[in-house]
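In each ligand, atom 1 is the first atom listed, and ligand 1 is the first ligand listed. Count residues from 1 along the sequence. What you see below is based on every heavy atom in this structure, not just the backbone, and it leaves out hydrogens, waters and symmetry mates.
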Amino acid sequence: MLYTYTLKTPAEDLCHITPQVQGAVAESGVGEGICVIHCPHTTAGITINENADPDVVTDLLLAYDRAFPDRPEFQHIEGNSAAHAKASAMGNSVTVPVHNGRLVLGTWQGIYFCEFDGPRNRTFHVSVIAG
Ligand code: ZN
């Protein structure tokens, strides 16, 4: 089953989407299987990281800015090549096991939609597969 969600993002941020994803799992009725969370954009991504201390998100964004600075040599006419690089490095999907109808996440883990080129109206997909 495929579920599609929309969100309005700020300029650059990691948006916590675990509740929506868990909602899709619950609605699917799947007890055992896998859940794929997919971002269909080229300047945004999906990741799993700490959901306890919000400073982790702040530090991740700082680290990505340091790793992928805007460069005058970039050719892409849209002018957002750093955001494309960040999105590719982050990846555009994650897979999480489903057990007893719940996402199998670590105590401190949350699922994030990663915006690198906002603000925008964005979409992500959740596919829940029994197995
Ligand atoms: Zn672009």
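Ile17 and Leu60 end up in different hydrophobic clusters when Ile, Leu, Val, Met, Phe, Trp and Tyr side chains are linked at under 4.5 Å.
The atom name of the N/O/S atom in Glu78 closest to the Zn ion (ligand 1) is OE1.
Ring pair His125/Tyr3: centre-to-centre distance not below 6.0 Å.
Annotation for Leu62: atom CG counts as buried by contact number, over 12 foreign heavy atoms lying within 6.0 Å.
Shown are Asn80, Thr43, Asp65; of these, the side chain to side chain donor-acceptor pair (under 3.5 Å) with Lys86 is made only by Asp65.
At a threshold of 2.8 Å, the Zn ion (ligand 1) has no backbone or side-chain N, O or S atom of Asp117 nearer than that distance. Within the coordination shell of the Zn ion (ligand 1), defined by N, O or S atoms under 2.8 Å, Asn80 is present.
Rounding to 10 degrees, one finds that the Zn ion (ligand 1) sits at the corner of an angle of 100° between His84 NE2 and His76 NE2.
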